[in-house]
Amino acid sequence: SDAAARARTRGNLELLALTHVNEAEMWIARGELVSALTACEDARIACEHTTHRAHAGDVSRMFGVIARDSGMPDAAEGHFA
């Protein structure tokens, strides 16, 4: 997305992580779980490079939602715990 590209260009990894979390939420709402999973992976990678793992909780929650919506309730619980 344009927002992710701008955050990446500016080196703002916290904003990049949040942008990918928001993209994941959008894809989940549209039922596009593969795209949501890709956005979550991108967010996870961005979070790993921030000083305080900004938005890591949001990323875990999105992984849980994707797992739940994919019919894997046990995996979902692991992300929500």
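Along the sequence shown, residues carry numbers from 1.
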Give the other cluster members for Trp27, using side-chain heavy-atom distances under 4.5 Å between Ile, Leu, Val, Met, Phe, Trp and Tyr residues; answer none if it is isolated. Met26
Connected to Leu13, directly or through other members, by ILVMFWY side-chain contacts below 4.5 Å are Leu16
Could you name each residue pair satisfying salt bridge (Lys or Arg N to Asp or Glu O under 4.0 Å) that touches [range], not counting sequence neighbours?
range	answer
residues 55-66	Glu25-Arg61, Asp58-Arg61
residues 3-13	none
residues 27-52	Glu41-Arg44, Arg44-Glu48

Distance-minimising heavy-atom pair for Val59 and Cys40: CG1-O, 3.8 Å
Shortest non-hydrogen contact from His55 toward Cys47: C-SG, 3.8 Å
With Arg68, which residues qualify under side chain to side chain donor-acceptor pair (under 3.5 Å), at least two apart? none
All side chain to side chain donor-acceptor pair (under 3.5 Å) counterparts of Glu14, not counting sequence neighbours: none
So, does Ser60 use its side chain to make a donor-acceptor pair with the main chain of Ala56 at under 3.5 Å? no
Quick note, ring pair (Phe, Tyr, Trp, His ring centres under 6.0 Å) partners involving residues 59-79, not counting sequence neighbours, are Phe63-His79
For Ile28, enumerate each residue passing the side-chain contact (heavy atoms from CB on, under 4.5 Å) test, keeping only those at least two apart in sequence or located in another chain. Leu33, Ala36, Met62, Val65, Ile66, Asp69
